[in-house]
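Below is one structure, written out as structure tokens; comments come after it.
All heavy atoms count here, side chains included; hydrogens, waters and symmetry mates do not. By convention in this document, chain letters (A, B, ...) are assigned in the order of the sequence lines, proteins followed by strands, and residues within each chain are numbered from 1.
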There are 2 protein chains.
Amino acid sequence: MVKLAAVRSLHGQVVQELGRLIVGGGIAPGANLPREELLAERMHVSRTALREAMKVLSAKGLIESRQKTGTRVREVTYWNQLDADVLAWRCDLMPTDDFVEKLVEMREIIEPAAAASAARNRSDAELATLDAAYTAMADAVDRDAWAIADLAFHEAILQATHNELLASLFAVIETALGSYFQLSAQTASNFKYSLPHHKKVLDAIRRRHPEVARQAMLATVTDSRRNIRRHTKTTGAS
Amino acid sequence: MVKLAAVRSLHGQVVQELGRLIVGGGIAPGANLPREELLAERMHVSRTALREAMKVLSAKGLIESRQKTGTRVREVTYWNQLDADVLAWRCDLMPTDDFVEKLVEMREIIEPAAAASAARNRSDAELATLDAAYTAMADAVDRDAWAIADLAFHEAILQATHNELLASLFAVIETALGSYFQLSAQTASNFKYSLPHHKKVLDAIRRRHPEVARQAMLATVTDSRRNIRRHTKTTGAS
DNA sequence: TTCCGGTGAAATGTAGTACAAATAACCCTA
DNA sequence: TAGGGTTATTTGTACTACATTTCACCGGAA
């Protein structure tokens, strides 16, 4: 359900392939990749394209290259976990309950604070954007429309904080919501379930009441956590 | 005061140079870079090295390349603001009060929550690491030793949450503390000023009291915010 | 005039070769 | 056995050539 991006460039594909291989555990941290010439041949690309891909993975903290020694996978600690690609790969390949739990914890930390900040700092234009997103949620006719509007709602709040560092955490929220949609897709219950929660958040931000917004958002996230918990218990997977 | 990294590889230097140029506002978002051949010649490197550097900057969200159109600087919204390099460049080139304020806001959101989580999830080994960092702070004989120990203390807490997403935010904390050290360097007052605050945090985590840890950490950050405020008022710069 | 389609040119994308630089591993000597 | 120099291996850089994409221009038809 995550963006497949359909990377057209060749090195982009290599980034995807190697990135997923590493994040998925195909190559253990500390282990070496085959040497460039070999790997390039094996993947049917030129060394040029391969190297450009490896530079990207290196920027994401996944690998590290040194002359003579070769290229090796770095310890998980050094991975740029907040990178959109790394998040997407991880969530796609290892959506364990454990990881989903960590995503929810992030939401519980970030979003209530962001809602409070948005209530303090929002402009009228940003309120309008948020309002539009809420209306789209209310008018959604199916799950997809709801998901898009929901994402827009949460993004609008992050933008309204006027703190771009906070806004950059949208990648995390996006991933968390994505996995939530996927998990709650099987539970056939009403998908507009959380609309009232969102309305409280919207109203609080409109009236510039930071603490009310914080509490309302916390309730929203806590509620979705409970929703996931219920589902994982039901299926009882892994 | 941030890590200068002394990048040895050529494309690493190009990444630094172009990255700083872009983040520093030398090239406005939306504007195009010179074409590769030209830029490579101008920077006295091969097109190969330049392209590898541009792939890295592309991974950080700073630029975007398309055939025929060329390479252009992306809007600030798309920048990977949480990337360690981007943070370091920005803090180095534009340490405006405005930006420092945003860093502090991030700390106020992240660190109290992290302290609470650490109090719940810490292992004995992680407590020992935290304890060692505290001792090093207490024993610090100069500003540098204090700074190193202080960083270790805050990193240990993030690690103890057992949430690697949270831990990845250390780059933000590191940058924030770095700018704080730099700002408070001129104020000649006692640099161990905040030691008692840290002790309260440590004790709460030791005793596994999440809410106490949260409040103690919040007090610590709030206090440092006040400290910065006082300083900026004193100098009254920009 | 305006719209549509084809065509060319300009930029990035990919391939391949050759060589430079760093350094781990080996060997040779004292 | 220890020390130091040499070699071999791997990544790093340069250069060339060509492929691919796509904007922009031009020409013809409605």
Side-chain angles (χ1 to χ4, degrees), chain A residues 4-19 21-22 27-75 78 85, chain B residues 4-19 21-22 26-75 78-79 85:
Chain A
L4 289 186
V7 180
R8 45 180 166 277
S9 66
L10 196 51
H11 62 256
Q13 293 175 18
V14 176
V15 167
Q16 292 288 321
E17 191 167 343
L18 285 180
L21 184 64
I22 293 171
I27 307 177
N32 273 264
L33 270 65
R35 30 181 269 265
E36 294 179 348
E37 197 181 352
L38 218 89
L39 189 55
E41 188 185 8
R42 200 175 294 176
M43 301 186 74
H44 305 288
V45 298
S46 68
R47 214 187 131 200
T48 310
L50 175 65
R51 278 182 59 83
E52 291 184 355
M54 299 218 303
K55 286 289 160 283
V56 173
L57 294 175
S58 181
K60 297 182 188 302
L62 297 184
I63 61 176
E64 190 180 30
S65 297
R66 288 172 57 182
Q67 284 172 181
K68 171 72 181 179
T69 310
T71 304
R72 63 175 192 178
V73 178
R74 299 186 75 185
E75 295 299 323
Y78 296 106
D85 287 323
Chain B
L4 290 186
V7 181
R8 46 178 164 277
S9 66
L10 197 52
H11 61 256
Q13 294 174 16
V14 176
V15 167
Q16 291 289 321
E17 190 167 344
L18 285 179
L21 184 64
I22 293 171
I27 306 177
N32 274 264
L33 271 65
R35 30 181 270 265
E36 295 180 346
E37 196 181 353
L38 219 87
L39 189 54
E41 187 185 9
R42 201 175 294 175
M43 300 184 76
H44 305 288
V45 298
S46 69
R47 214 188 129 199
T48 309
L50 175 66
R51 277 183 59 83
E52 291 184 354
M54 300 217 302
K55 286 290 161 282
V56 173
L57 295 175
S58 182
K60 296 182 188 302
L62 297 184
I63 61 176
E64 190 179 30
S65 295
R66 287 173 59 183
Q67 286 172 176
K68 170 71 181 180
T69 310
T71 303
R72 63 175 192 176
V73 178
R74 298 185 76 185
E75 295 299 324
Y78 296 107
W79 293 3
D85 287 325

Mind checking salt bridge (charged side-chain N to carboxylate O under 4.0 Å, His left out) for Glu41(B) and listing every partner two or more places apart, or none if nothing turns up?
none

From the list Arg51(B), His11(B), Met54(B), side-chain contact (heavy atoms from CB on, under 4.5 Å) partner of Lys55(A) resolves to His11(B)

Output all residues satisfying side-chain contact (heavy atoms from CB on, under 4.5 Å) with Leu10(B), sequence neighbours left out; order by chain, then residue number.
Gln13(B), Val45(B)

Would you mind classifying the nucleic acid contact of Arg66(A) as base, sugar-phosphate or nothing, using non-hydrogen atoms under 4.0 angstrom?
sugar-phosphate

With a 4.0 angstrom cut-off to heavy atoms of chain B, pull out the first and last contacting nucleotide of DNA chain D, in 5'-to-3' order.
dT13(D) to dC23(D)

Nearest-nucleotide check on DNA chain C, Gln67(A) vs His44(A); residue mapping nearer the 5' end is His44(A)

Are any of His11(A)'s side-chain N or O atoms less than 4.0 Å away from OP1 or OP2 of dT14(C)?
yes

Counterpart residues, side-chain hydrogen bond (donor to acceptor under 3.5 Å, both in side chains), relative to Lys60(A) (two or more places apart)
Asp83(A), Asp85(A)

Calculate, to the nearest 0.5 Å, the distance between atoms CG and CG belonging to Leu18(A) and Leu62(A) respectively.
10.0 Å

Do Glu52(B) and Val56(B) come within less than 4.5 Å of each other through their side chains, counting heavy atoms only?
no

Atom pair CG/CG of Leu38(B) and Leu50(B) - distance to nearest 0.5 Å:
10.5 Å

Give the residues of residues 29-38 of chain A touching DNA chain D, defined as any heavy atom closer than 4.0 Å, sorted by residue number.
Arg35(A), Glu36(A)

side-chain contact (heavy atoms from CB on, under 4.5 Å) assessment of Val7(B) paired with Val15(B):
CA-CA 10 Å; Val7(B) 181; Val15(B) 167; over 6 Å; no

Strand contacts (DNA chain D) in residues 49-60 of chain A, 4.0 angstrom heavy-atom criterion:
Arg51(A), Lys55(A)

Provide a list of protein-nucleic acid N or O atom pairs under 3.5 angstrom, restricted to nucleotides 25-28 of chain C.
none

Qualifying residues under side-chain hydrogen bond (donor to acceptor under 3.5 Å, both in side chains), relative to Glu17(A), sequence neighbours excluded:
none

Provide, to the nearest angstrom, the distance between the CZ atom belonging to Arg8(B) and the C1' atom belonging to dT23(C).
11 Å

Provide the closest heavy-atom pair for Val14(A) versus Ala53(A) in the form atom of the first, atom of the second, distance.
CG1-CB, 3.5 Å

Given side chains that start at C-beta, do those of Ile27(A) and Leu21(A) come closer than 4.5 Å, heavy atoms only?
yes

Return the value, rounded to whole Å, for the distance between atom CZ of Arg47(B) and atom P of dG16(C).
16 Å

For residues 63-75 of chain A, please give each side-chain donor-acceptor pair under 3.5 Å, one per line with the distance, not counting sequence neighbours.
residue  : atom : partner  : partner atom : Å
Ser65(A) : OG   : Thr71(A) : OG1          : 2.8

